[in-house]
Asks: 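A single structure is presented below for examination.
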Amino acid sequence: MSRHPEVRWAQRIDKVYITVQLPDAKDAKVNLEPDGVFSFSATAGTDGNSYESKLDLNDKVNVEASKISVGVRSIFCIVEKAEAKWWNKLVRDDQKAPHFVKVDWDKWVDEDDDGADINVDGMDFANMGGMGGMPGMGGMGGMGGMGGMGGMGELANMMDGMGGMGGMGMPQGMGGMGMDEFDNESDEEGEVSKPQDEGKADAAEKPEEVGARVDTAQVN
């Protein structure tokens, strides 16, 4: 059997603050309808107990402008009224407020002393208009779009089309360097070595000249 979490409320002339006191709530779901029907459900506790509540608010509300923040210890809602006026109580005038609904004195101001809006710095809000009865964090379901990563198959096909990286040939302009140019470089190196060959030839002829001079001296 589901339990009822404690619900606290306060108001300004144009909005209602509703806080559902439920620490460590899991799978929290909040639904708000234009005619003022507010419903909540979640699980909490080590045993995963179910909690839920449904309230017929005093008047119509602006769902698109209303916001919700799911915290560690509570679920906080800012419900925008469809018409800016003070409500006599949270639920409809012809209904008795449930026993789990209490006034949030920390946020309460009197009608004669309409204070400023409460400080909500540091709180992350989601628009209740786009929730459609889904969990407060249900919007993350949009991450399903990550399925598009299946396109990696197309990337693999592109890689195949590259012919095993065979396209990584010589840089442009290097292709024109054929073997003829390397042959020309070898020829030039051969020409540079020719003077050395001529020196060797002269050195080879000198011993013959010295021998001829010795023979002549002996004859004389």
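Residue numbers count from 1 along this sequence. Model, not experiment: these values are computed from the prediction.
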Asks: Tell me, do V61 and F38 make a side-chain contact under 4.5 Å, heavy atoms counted?
Replies: no

Asks: I need the minimum non-hydrogen distance between A28 and A42, along with the two atoms involved.
Replies: CA-CB, 3.8 Å

Asks: Check whether Q11 reaches the backbone of W87 with its side chain - one donor and one acceptor, N or O, closer than 3.5 Å.
Replies: yes

Asks: Grab the two heavy atoms, one from K107 and one from T19, that are nearest each other, plus how far apart they are.
Replies: NZ-OG1, 4.0 Å

Asks: To the nearest 0.5 Å, how far apart are OG in S39 and CG in L55?
Replies: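 The distance works out to 9.0 Å.
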
Asks: Output, in order, the C-alpha distance, side-chain angles, deciding distance and verdict of side chain to side chain contact (heavy atoms under 4.5 Å, CB included) for F40 and L22.
Replies: CA-CA 11 Å; F40 168 84; L22 190 62; 4.0 Å; yes

Asks: Validate the cation-pi geometry between K89 and W9: distance from NZ or CZ to the six-membered ring centre under 6.0 Å, angle to the ring axis within 45°.
Replies: no

Asks: Answer yes if I68 and V72 sit in the same cluster of Ile, Leu, Val, Met, Phe, Trp and Tyr residues linked by side chain heavy atoms under 4.5 Å apart, and no otherwise.
Replies: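 Looking at the clustering, V72 is in a separate group from I68.
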
Asks: Can you tell me how far the CZ atom of R92 sits from the CG atom of D35, to the nearest 0.5 Å?
Replies: 6.0 Å

Asks: The criterion is salt bridge (charged side-chain N to carboxylate O under 4.0 Å, His left out); which residues satisfy it with D24, sequence neighbours excluded?
Replies: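 For D24, no residue satisfies salt bridge (charged side-chain N to carboxylate O under 4.0 Å, His left out) once neighbours in sequence are set aside.
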
Asks: Taking only residues two or more places apart in sequence, or in another chain, which ones meet F100 in a ring pair (Phe, Tyr, Trp, His ring centres under 6.0 Å)?
Replies: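 Partners of F100 under the ring pair (Phe, Tyr, Trp, His ring centres under 6.0 Å) test: H4.
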
Asks: Calculate, to the nearest 0.5 Å, the distance between atoms CG and CH2 belonging to D110 and W108 respectively.
Replies: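 That separation rounds to 8.0 Å.
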
Asks: Which salt bridge (charged side-chain N to carboxylate O under 4.0 Å, His left out) pairs, counting each pair once, include a residue from residues 46-55, with sequence neighbours left out?
Replies: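 Of all non-adjacent pairs touching residues 46-55, none passes salt bridge (charged side-chain N to carboxylate O under 4.0 Å, His left out).
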
Asks: Taking C-beta and beyond as the side chain, do D117 and R12 meet within less than 4.5 Å on heavy atoms?
Replies: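 D117 reaches R12 side chain to side chain.
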
Asks: Calculate, to the nearest 0.5 Å, the distance between atoms SG and NZ belonging to C77 and K67 respectively.
Replies: 11.5 Å

Asks: Quick one: does N58's side chain have a donor or acceptor within less than 3.5 Å of a partner on V91's backbone?
Replies: yes

Asks: Please name the pair of heavy atoms, one in A25 and one in I75, separated by the smallest distance, quoted to 0.1 Å.
Replies: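 Closest approach of A25 to I75: CB-CD1, 4.0 Å.
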
Asks: Can you measure from CG (N31) to CE (M128) and round to the nearest 0.5 angstrom?
Replies: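 It comes to 7.5 Å.
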
Asks: Is the shortest side-chain heavy-atom distance between N49 and T43 below 4.5 Å?
Replies: no

Asks: Please determine whether the number of non-hydrogen atoms from other residues, nucleotides or ligands lying under 6.0 Å from atom CG of D124 exceeds 12.
Replies: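 Atom CG in D124 is not packed in, count stays at 12 or less.
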
Asks: Could you check whether any side-chain heavy atom of L57 comes within less than 4.5 Å of a side-chain heavy atom of V16, counting everything from C-beta outward?
Replies: no

Asks: With the 4.5 Å side-chain cut-off for hydrophobic clustering, are I13 and V109 part of the same group?
Replies: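 Linked within one cluster.
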
Asks: Do L32 and V37 share a hydrophobic cluster, counting only Ile, Leu, Val, Met, Phe, Trp and Tyr and linking them when any side-chain heavy atoms are less than 4.5 Å apart?
Replies: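 Hydrophobic grouping puts L32 apart from V37.
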
Asks: Got a sec, which hydrophobics cluster with F76, joining ILVMFWY side chains under 4.5 Å apart, including via others?
Replies: Y17, I78, I118, V120, M123, F125

Asks: Got S74 and Q21 here, is their nearest side-chain heavy-atom distance under 4.5 Å?
Replies: yes

Asks: Measure the OG-OH distance between S41 and Y51 for me, rounded to the nearest 0.5 Å.
Replies: 13.5 Å

Asks: Listed by chain and number, what are the salt bridge (charged side-chain N to carboxylate O under 4.0 Å, His left out) partners of E6, not counting sequence neighbours?
Replies: R8

Asks: Do L90 and I18 have side chains that get closer than 4.5 Å, going by heavy atoms?
Replies: yes

Asks: Not counting sequence neighbours, which residues clear salt bridge (charged side-chain N to carboxylate O under 4.0 Å, His left out) with D56? List them please.
Replies: none

